[in-house]
Amino acid sequence: MEKVYDPHAIEKKWYELWIEKGYFTAKSSSTAPSFSMVIPPPNVTGSLHMGHALNNTLQDIVTRFHRMSGFNSLWLPGMDHAGIATQNVVERELAKEGFHRDEVGREKFIERVWEWKAQSGGTIIEQLKRLGSSCDWSRERFTMDEGLSRAVREVFVRLYNEGLIYRDNYIINWCPRCKTALSDLEAEHEDTKGFLYYIHYPLADGSGHLTVATTRPETMLGDTAVAVNPKDPRFGKYVGQDVILPIVGKKIPVIGDSYVDMEFGTGALKVTPAHDVNDFEIMKRHGLEIVRVIDEDGKMNENAIHYEGTDRFDCREKIVEELKEKGFLEKLEPYNLGVGKCYRCKTVVEPALSLQWFLKMKPLADPAIKAVRDHKVRIIPEMWEKVYFEWMENIKDWCISRQIWWGHRIPVWYCDACNEIHVSVDTPDRCTKCGGALRQESDVLDTWFSSGLWPFTTLGWPDKTDDLKTFYPTSLLITGFDILFFWVARMIMMGIKFMGDVPFKDVYIHALVRDAEGKKMSKSKGNVIDPLTIIDQFGTDAFRFTLTMLAAQGRDVMLSEERIEGSRNFVNKVWNASKLSLIFMGDEKPSLTVTQSSFLPDKWIRSRTQKVIREVKAGIEEYRFNDVANTLYAFVWHEFCDWYLEIVKPNLYGKVDTFDNTATRATLYRTLTDILKLLHPVMPFVTEEIYQRLPGREAAESIMISDFPVFNESEVNAESETQMETIMGIIDVIRNIRGETGIAPNVKVEAIIRTTGQESLLKSYEYYVKELAKVEKLSFVDSTTPEHSAVGVYKGIEVFVPLKKVIDVAKELGRIEKEINKIDEECRKISLKLSNESFRGKAPAEVIAKNETQFGELTAKKDKLLASKIMLETIAG
RNA sequence: GGGCGGAUAGCUCAGCGGGAGAGCAUCGGCCUUACAAGCCGAGGGUCGCAGGUUCAAAACCUGUUCCGCCUACCA
């Protein structure tokens, strides 16, 4: 085996084997319990970023764990057609060839998109494979697949027939660049510096003017009223009068509406029903006129008089200029406002009145709220439940139509002859009413509409498939909080609606990946770390381990190369520890019937291993991924490598045969195997590579289908742990003295021990103490305190290291004093507690006892140190 | 405006009622034949600030400051 682990050659080899053997493929029906999960489908246009890497690493850990634990495990992968994003990509390609999509035509354009998808779409799938994701690729789905498309139409038709989908004129967010309506969620609000403009609207009777305040003066061209609060003592009297709209010169009414906040601005509100939601609502209450002034390109339209054709932002400047010239502009003040921007292209969206399709949400949301409240769906960490409720309880109807071409075309047909509307899953030939020709609705559905159906459409719905029976509801969903509303909430609603059951039992929400400074990674900031670069540089296992280690619940993941380096070192540690173990094991297949070695370190490591097994299982089941990684790191490095392998060396190198070394080899074999299996869900590649090299392997032909270790109480051995701790404690004390007094590692020392009854234990393992602490001569005393020695105490056991030849007394005195001071400080705190009457009266007995024991131990230790101090002082004279 | 989260060692973070922890970084000593991507040892924190509850608070409550996020129809 190489001295340093080299991931590159190895990763590809094993991934291909796993695929070839079909290990990722779940069974449609099985007597084994099932575990299922659907992937948050990445965009077909996407490439792997840190968020995906974290998300999929966690999913893979859980999947591999369940698969090894005997579950019929399905991790269903796929991609999302990403309507707007994909259309943008292909439009850009066309533009390079000098075409606009209108010149190409809808049908040809869509063909073009499919071509693009076949060629360059879905690179992310290959990237997920490099991450080691054990998805069932035989079940891979795409939201535009025929099956899923049919399911989408089915859902649309059912919802339409129930009256939950309707078509209406309403204010929606319009992206003038993408030329489509967006849902509320797709408009991202961003605090932007702007101005509040105060504009005079003269009263029609010439008796003065009202001043309105607005942030979007260009919309004044579409004003159809000025609203004041009827209770407003200043303006109430104007209700019923008219004002003259500046520039336009037409009369518009002053109306009274309690919506108007008297405190804000001037207390008079200009009403533009075609370009503001609130104004639209006011319009409905008062039956006002609607005048749209901005067109679909974001330019002023024919209603904007001499501004027709002007861009909306240019118009803003020009109109302010004109108002100023004509004396209508009273003043302007700086003002911060939340401006909605298109989540795809960052263009400022225009609230505009438009005929769109909507989905009524309240009836769908209510059962979905209940499902979470009743914990049919658990959201973890719990904090996200609150966020979920907050949004769901204030949910508004969802604008589901998009004016683009790439997507699920709305299954509605219009008969122009008789105005009949046909809504059906299959394409109708002619109007059933008049036999006239039909024209299909040109809009497509919001991409998230099909994503919302993902957990059941991917399993074959609306057909009653075995997969659905076996895997729905799925066990778990792992995703980032950024799509809690976009996706998770909608899946819960749709799952309940169409499957009669929640889509998943648990939702684990993980954090965002940020850079080392805590900033969100983004292309514009230039602080993105490309996962594939990291994989190339450090290997997949190291990368996955890092993400796992940092994935603490409710915390963002701060990623830095240093952390990844640390993980790479750990992977290498595992590699080298395995290398040594394999050398020790040789070709021999250790007898697996050896359950109990009499060698203390063997008993200890088995006991510790059991506890780690228990902790890892619980950690994965409770989504405490960082705990799992930390537990394994500490156990493998600081217990297995630092202690077990070191202490076992004399035996397995053949220097000592006091103990049954076959039993030790068996213990080593089993422990290494357990470690590999425990690590496998997190670092699949290196563990497989080593597993394949184990002599006389267990039945499994791959670690990924081997049995995950199961906690075995019978190997837990408290006494062995205590005894081993004593031995390690003694070694620590000697090492500490050596380190502190500056004894070089190659210089052997003498050690004299005064025990409190552990003499026979220490004598049995004397050889190992001497070996690990570099001790030449180890002896025991009863009462006489060795002279001229450094002293250390472990649980009442005194360890003396004669220093005559080695070091000066003064230095040792300083060391002892430092330690005594530490003890004094601790004793002071404890005695304060113990002397407190209320503490003795109210604290639980075990807490009091614990403090008393501790106090006793500390004072005993102090006494012993003091004795040594006096001794040394005498010598020093 | 409403809501949520964070503030613990130089850095990144665990811990969330009973002895302040880890990794990295730092300092000292080691090429000890699994690993220098390593080994041994050490130093380092009035747990954001102020109150309160409790025998006991980093943890629970209240207030406060500073960061971050989500959400919203005050133009």
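Every chain is numbered from 1 and lettered A, B, ... according to where its sequence line falls, protein lines coming before strand lines. Fair warning: this is a prediction, and the values are worked out from it, not measured in the lab.
Between B/A7 and B/A75, the distance separating the two P atoms is 34 Å to the nearest Å. Atom C1' of B/C30 sits at a distance of 10 Å from the matching atom of B/A36, rounded to the whole Å. Across B/G38 and B/C4, the matching P atoms stand 44 Å from one another, rounded to whole Å. B/A58 and B/C16 have their C1' atoms separated by 8 Å, given to the nearest Å. Separating the C1' atom of B/G2 from that of B/A72 is a span of 7 Å, rounded to the nearest Å. When the P atom is used for both B/A59 and B/U53, the distance is 15 Å, rounded to whole Å. Taking atom P on both nucleotides, B/C24 is separated from B/A37 by 13 Å, rounded to a whole Å. The gap from the C1' atom of B/A20 to that of B/G45 amounts to 8 Å, rounded to the nearest Å.
Remark: side-chain polar atoms of A/R544 are paired, donor with acceptor, to backbone N or O of A/V682 under 3.5 angstrom. For A/D541 (side chain) and A/V686 (main-chain N/O), a donor-acceptor pair under 3.5 Å exists by modelled atom type. Judged by distance alone, with hydrogens and angles left aside, the side-chain atoms of A/S835 form a donor-acceptor pair with the main-chain N or O of A/L832 at under 3.5 Å. No donor-acceptor distance shorter than 3.5 angstrom exists from the side chain of A/S354 to the backbone of A/A352, with no hydrogens or angles considered.
Between A/D191 and A/S578, it is A/S578 whose nearest contact on RNA chain B lies nearer the 5' terminus. Of the two residues near RNA chain B, A/K579 and A/E390, the one whose nearest nucleotide lies more 5' is A/E390.
Within the 4.0 angstrom heavy-atom criterion, base atoms lie near A/D261. Here A/R735 lies in heavy-atom contact (under 4.0 Å) with sugar-phosphate atoms only. Residue A/V277 is classed as having no contact, given no heavy-atom separation below 4.0 Å to the nucleic acid. Residue A/K573 is in base contact, counting any heavy-atom pair closer than 4.0 Å across all strands shown. A/G539 comes within 4.0 angstrom of no nucleic acid atom, judged by non-hydrogen atoms across all strands. Backbone-only contact: A/K822 has heavy atoms under 4.0 Å from sugar-phosphate atoms and none from a base. Residue A/D732 is in sugar-phosphate contact alone, with no base atom involved, counting any heavy-atom pair closer than 4.0 Å across all strands shown. No contact: A/F389 has no heavy atom under 4.0 Å from any strand. If you check every strand for non-hydrogen atoms under 4.0 Å, A/K748 touches nothing. Using a 4.0 Å heavy-atom criterion, one finds that A/V271 contacts no nucleic acid atom at all. Residue contacts for A/E846: at a heavy-atom cut-off of 4.0 Å it reaches no nucleic acid atom on any strand shown. Using a 4.0 Å heavy-atom criterion, one finds that A/D642 contacts the sugar-phosphate atoms exclusively. At a threshold of 4.0 angstrom between heavy atoms, the contacts of A/N630 with the nucleic acid are absent. Backbone-only contact: A/H638 has heavy atoms under 4.0 Å from sugar-phosphate atoms and none from a base.
Checking each of A/L672, A/V648, A/N576, A/I675 against A/S581 for a side chain to side chain contact (heavy atoms under 4.5 Å, CB included) leaves exactly one that passes, namely A/L672.
B/C31 is unpaired under the criterion used here, namely a Watson-Crick or G-U wobble arrangement in which both key atom distances are under 3.5 Å. Nucleotide B/C4 is matched to B/G68 when pairs are restricted to Watson-Crick or G-U wobble geometry with both distances under 3.5 angstrom. As the counterpart of B/A50, B/U62 is assigned, both hydrogen-bonding distances of the Watson-Crick or G-U wobble pattern falling under 3.5 Å. In this structure, B/U26 forms a base pair with B/A42, meeting either the Watson-Crick or the G-U wobble geometry with both donor-acceptor distances under 3.5 Å. In this structure, B/G17 makes no Watson-Crick or G-U wobble pair, since no nucleotide meets both defining distances under 3.5 angstrom. Pairing of B/A9, defined by two Watson-Crick or G-U wobble distances under 3.5 Å, is not identified with any nucleotide.
Considering only the side chain of A/N576, B/A34 comes nearest among B/G5, B/A34, B/G43. Side-chain proximity of A/K386 to the nucleotides B/G5, B/C24, B/G19 is greatest for B/G5. In this structure, of B/C74, B/C4, B/C35, it is B/C74 that holds the atom nearest to the side chain of A/Y259. The side chain of A/K774 lies closest to B/U32, out of B/U32, B/G18, B/C55. In the set B/C4, B/C55, B/U12, B/C55 carries the atom at the smallest distance from any side-chain atom of A/K842. Listed nucleotides: B/G43, B/A34, B/A37. Nearest to the side chain of A/K818: B/G43. Checked against B/A34, B/A37, B/A42, the side chain of A/N736 finds its nearest nucleotide in B/A42. Listed nucleotides B/C35, B/A42, B/A37 differ in distance to A/N569; the shortest reach to its side chain belongs to B/A37. Between B/C73, B/C35, B/C39, one nucleotide has an atom nearer to the side chain of A/W637 than all others, and that is B/C39. Side-chain proximity of A/P745 to B/A34, B/G29, B/G18: nearest is B/G29.
Atom C1' of nucleotide B/A34 and atom CZ of A/F570 are separated by 15 Å, given to the nearest angstrom. At whole-Å resolution of the value, CG in A/L632 and P in B/G23 are 15 Å apart. Atom CG in A/N173 sits about 14 Å away from atom C1' in B/U71, given to the nearest Å. Per the geometry, CG belonging to A/L645 stands 14 Å off C1' belonging to B/G38, to the nearest Å. Note: CD1 (A/I743) to C1' (B/C40) measures 12 Å, nearest angstrom. Counting to the nearest Å, the P atom of B/C24 and the CE atom of A/M549 are 8 Å from each other. Atoms CG (A/L550) and P (B/U12) sit 13 Å apart, rounded to a whole Å. Remark: C1' of B/C55 and NZ of A/K850 are 16 Å apart, rounded to the nearest angstrom.
Between A/K649 atom NZ and A/E771 atom CD the span is 9.5 Å, to the nearest 0.5 Å.
Annotation: A/F584 is in aromatic contact with A/Y653 [ring centroid separation under 6.0 Å].
Put simply, A/Y653 has no side-chain N or O that comes within less than 4.0 Å of OP1 or OP2 on B/U32. Within the structure, every side-chain polar atom (N or O) of A/K3 is placed at least 4.0 Å from both OP1 and OP2 of B/A37. Listed pair A/K396 / B/C73 meets the phosphate criterion, a side-chain N or O lying under 4.0 Å from OP1 or OP2.
Taking the six-membered ring for Trp and thresholds of 30 and 60 degrees, A/W575 and A/Y5 have ring planes inclined between 30 and 60 degrees apart. Using the six-membered ring where Trp is involved, A/Y343 and A/F486 have ring planes that are parallel, under 30° apart on the 30 and 60° scheme.
Side-chain atoms of A/Q854 come within donor-acceptor range of the base of B/G19, with a qualifying N/O pair under 3.5 Å. Under 3.5 Å, the side chain of A/E2 and the base of B/A34 form no donor-acceptor pair of N or O atoms.
You'll find the side chain of A/Y508 reaches within 4.5 Å of the side chain of A/P381, heavy atoms only.
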